[in-house]
Undergrad: 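I have a structure I would like to understand better, so I am pasting it below and will then ask my questions one at a time.
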Amino acid sequence: MSFLALSDGTRIEAPKPLARGLRGLRRRSRPLFRKRKGSRNHRQASLRRAKLHRRIKNIRRDFLHKITTALAKTQSAIGGEDLSGKALARGRLSRSVADVGWGMFRRMLEYKGQWYGARLILAPRDFPSTPLGSRCGHRNGRLPLSQRVFRCAACGLEMDRDLHAAIHLRLYGLAALNGPTGSSPGGDAGRGVPSRSKTGWGAPDPSGGGTAFGSRKPEVAGHGFRPVE
């Protein structure tokens with residue numbers, strides 16, 4: 001799967017160095033159990049494994065630095081999801097989550113956004129970026145991870161689920177920027193921001209959604225991104 005899905009349809013692939021180097025790590029770990037701890041041979045075997053760990057870490061950090069720098073330099077606003085990396089790391093995708101470094105990606109994007117003037121706007125964790133229809137605002141049912149295409153039961157919209165979520169996040173960010181109160185990142189006080197009620201999230205406010213969501217002025221141009229499950 002892709003590392004990121006952007007609202008313009010771009011998908012960014014992560015190198016996944018741990019997955020590629022896992023066989024080598026296992027091969028370099030086996031001799032450690034056959035050598036006496038503290039011996040010269042044990043130290044050499046441990047050093048060979050540590051070098052591979054360092055290479056995996058460097059590949060991951062290099063990829064994350066390049067992609068976050070490119071986003072922060074080319075976009076004045078970036079919309080995303082406030083995902084819980086710790087919660088994802090406890091699931092069946094724990095190794096994949098650790099391999100791509102989502103937590104490090106967000107930290108880099110935050111401080112590089114401050115360096116280059118790109119505003120990061122994160123939708124709250126309960127924001128239904130996947131089930132909420134981007135065309136009609138209908139709240140669809142929960143989509144299992146195996147279902148990669150979003151289908152709206154109300155208007156019939158069909159779209160890749162990650163692209164659909166990224167478009168939602170871009171609209172959320174643009175609406176937050178264009179809000180009459182100048183709402184803070186992640187806030188939902190601006191025009192066109194999907195509203196949250198006692199029953200959950202609803203469709204964008206029709207009184208302001210057209211102008212807020214459709215704007216492509218340079219000062220609010222940006223991407224919505226979504227880390228792919």
Undergrad: Indicate the atoms forming the closest heavy-atom contact of Leu64 with Gly101, along with that distance.
TA: CD1-O, 3.6 Å

Undergrad: Between Arg161 (side chain only) and Thr130 (backbone N and O only), is there a donor and an acceptor less than 3.5 Å apart?
TA: no

Undergrad: If you take all heavy atoms of Tyr172 and Pro124, which pair is closest and at what distance?
TA: OH-CD, 3.5 Å

Undergrad: In chain order, what residues pass the side chain to side chain donor-acceptor pair (under 3.5 Å) check against Asp62, with sequence neighbours excluded?
TA: Lys66

Undergrad: Which atoms form the tightest heavy-atom contact between Pro131 and Arg139, and what is the distance?
TA: CG-NE, 3.8 Å

Undergrad: Evaluate Phe105 against Val100 for side chain to side chain contact (heavy atoms under 4.5 Å, CB included), listing each step before the verdict.
TA: CA-CA 9 Å; Phe105 169 78; Val100 298; over 6 Å; no

Undergrad: State which residues pass side chain to side chain donor-acceptor pair (under 3.5 Å) with Asn140; sequence neighbours excluded, sorted by chain then number.
TA: none

Undergrad: Work out which heavy atom in Phe127 is nearest to a heavy atom in His168; give both atom names and the distance.
TA: CZ-ND1, 4.2 Å

Undergrad: Please determine whether side chain to side chain contact (heavy atoms under 4.5 Å, CB included) holds for the pair Tyr116 and Thr68, giving the CA-CA distance in whole Å, both sets of side-chain angles, and the decisive distance to 0.1 Å.
TA: CA-CA 11 Å; Tyr116 300 113; Thr68 52; over 6 Å; no

Undergrad: Please work out whether the ring planes of Phe3 and Trp102 are parallel, tilted or perpendicular, with thresholds of 30° and 60°.
TA: tilted

Undergrad: Identify the two heavy atoms, one from Pro31 and one from Ala45, that lie closest to each other, and give their separation to 0.1 Å.
TA: CB-CB, 4.4 Å

Undergrad: Can you tell me how far CG of Leu52 sits from CD1 of Ile56, rounded to the nearest 0.5 angstrom?
TA: 4.5 Å

Undergrad: Say whether, by atom type as modelled, one donor and one acceptor occur between the side chain of Arg60 and the main chain of Pro17 under 3.5 angstrom.
TA: no

Undergrad: Rounded to the nearest 0.5 Å, what separation is found between the CG atom of Leu4 and the OG1 atom of Thr10?
TA: 10.5 Å

Undergrad: Following the transitive rule for hydrophobic clusters with a side-chain heavy-atom cut-off under 4.5 Å over Ile, Leu, Val, Met, Phe, Trp and Tyr, establish whether Met104 and Leu18 coincide in one cluster.
TA: no

Undergrad: Dump the intermediate steps for side chain to side chain donor-acceptor pair (under 3.5 Å) on Asn41 and Ser39, then the final yes or no.
TA: CA-CA 5 Å; Asn41 288 338; Ser39 66; 5.5 Å; no

Undergrad: Taking side chain as C-beta onward, heavy atoms only, is Arg20 less than 4.5 Å from Ile59?
TA: no

Undergrad: How long is the gap from CZ on Phe150 to CG on Leu163, to the nearest 0.5 Å?
TA: 11.5 Å

Undergrad: Please check if Leu157 and Val149 belong to a single hydrophobic cluster, counting links between Ile, Leu, Val, Met, Phe, Trp and Tyr side chain heavy atoms closer than 4.5 Å.
TA: no

Undergrad: Any chance you could lay out the side chain to side chain contact (heavy atoms under 4.5 Å, CB included) test for Arg26 and Arg23, step after step, and finish with the verdict?
TA: CA-CA 5 Å; Arg26 290 171 176 168; Arg23 181 178 296 180; 5.8 Å; no

Undergrad: Distance from Leu171 atom CG to Ser129 atom OG, nearest 0.5 Å?
TA: 11.5 Å

Undergrad: Checking the side chain of Lys112 only, and the main-chain atoms of Ala70 only, is there a donor and an acceptor separated by less than 3.5 Å?
TA: no

Undergrad: When you measure from the side chain of Arg11 to the backbone of Ala5, do you find a donor-acceptor pair of N or O atoms at a distance under 3.5 Å?
TA: no

Undergrad: Evaluate the side-chain proximity of Leu169 to Ser7: yes if any heavy-atom separation is below 4.5 Å, no if none is.
TA: no

Undergrad: I'd like to know if the side chain of Arg36 reaches the main chain of His42, judged simply by a donor and an acceptor atom lying under 3.5 Å from each other, with no hydrogens or angles considered.
TA: no

Undergrad: What pairs with Tyr111 under ring-ring contact (aromatic ring centres under 6.0 Å, His included), at least two apart in sequence or on another chain?
TA: Trp115

Undergrad: Going through the checks in order, is the side chain to side chain contact (heavy atoms under 4.5 Å, CB included) test met by Leu47 and Arg43?
TA: CA-CA 6 Å; Leu47 181 60; Arg43 289 195 298 270; over 6 Å; no

Undergrad: With rounding to the nearest 0.5 angstrom, report the CZ to NZ distance, Arg28 to Lys51.
TA: 9.0 Å

Undergrad: So does Ala19 get a backbone contact from the side chain of Asp99, meaning a donor-acceptor N/O pair under 3.5 Å?
TA: yes

Undergrad: For the atom pair CD (Gln75) and CG (Leu6), what is the distance rounded to the nearest 0.5 Å?
TA: 8.5 Å

Undergrad: If you look at every heavy atom in Glu110 and Leu120, which pair is closest and at what distance?
TA: CG-CD2, 3.6 Å

